[in-house]
Amino acid sequence: MNDRNTPDDHIAEPSEIFEFDLTAHEARRRAEVVAALGDTWDPLTVMEDEAAAHRLLYSDLDADQQATYDMLVAANVLPPSGQG
């Protein structure tokens with residue numbers, strides 16, 4: 001019968017078995033993403049377009065929809081108007 005407190009019965013933690021450093025891979029991946037976006041990508045325009053889409057999505061709500069929207073904003077599920 002084995003004594004459960006002996007070192008032979010030690011179950012190794014995942015950090016004791018494997019260690020991965022993905023720093024170089026992540027840097028390469030990010031560089032590839034930026035290269036794929038190309039020279040015409042304008043982040044400011046993208047953010048402005050996203051804000052316009054957000055305003056359009058939540059415009060012209062009926063009373064029930066507006067109440068639901070207000071409840072979601074109050075619960076921090078959606079950002080307040082002008083911050084999306």
Side-chain angles (χ1 to χ4, degrees):
M1 177 172 214
N2 287 340
D3 180 7
R4 292 274 182 212
N5 295 323
T6 63
D8 294 337
D9 291 333
H10 174 73
I11 298 174
E13 295 293 323
S15 61
E16 296 174 332
I17 299 172
F18 298 106
E19 184 175 317
F20 294 104
D21 183 3
L22 299 175
T23 306
H25 174 72
E26 180 63 13
R28 182 178 153 272
R29 185 193 68 78
R30 289 181 183 194
E32 293 293 333
V33 167
V34 171
L37 291 171
D39 296 336
T40 60
W41 182 65
D42 181 5
L44 184 57
T45 301
V46 170
M47 289 173 51
E48 289 170 348
D49 290 348
E50 291 268 343
H54 183 268
R55 286 189 302 274
L56 183 61
L57 180 63
Y58 296 109
S59 65
D60 298 325
L61 300 178
D62 65 28
D64 289 337
Q65 292 168 330
Q66 186 65 50
T68 301
Y69 174 79
D70 293 340
M71 178 186 65
L72 292 172
V73 169
N76 292 320
V77 174
L78 293 174
S81 295
Q83 295 182 11

Atom pairs and distances, donor-acceptor, side-chain atoms in residues 56-68, under 3.5 Å, two or more places apart:
residue : atom : partner : partner atom : Å
Ser59   : OG   : Leu56   : O            : 2.8
Asp62   : OD1  : Asp64   : N            : 3.1
Asp62   : OD1  : Gln65   : N            : 2.7
Gln65   : OE1  : Asp62   : N            : 2.9
Gln66   : NE2  : Asp70   : OD1          : 2.9
Thr68   : OG1  : Asp64   : O            : 3.0

Would you mind writing out the side-chain donor-acceptor pairs for residues 34-42 within the sub-3.5 Å range, not counting sequence neighbours?
residue : atom : partner : partner atom : Å
Asp42   : OD1  : Leu44   : N            : 3.3
Asp42   : OD2  : Thr45   : OG1          : 2.6

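Residues satisfying the salt bridge (charged side-chain N to carboxylate O under 4.0 Å, His left out) criterion with Arg29, sequence neighbours excluded, are Glu26. When the salt bridge (charged side-chain N to carboxylate O under 4.0 Å, His left out) test is applied to Glu32, no partner is found at least two apart in sequence or on another chain.
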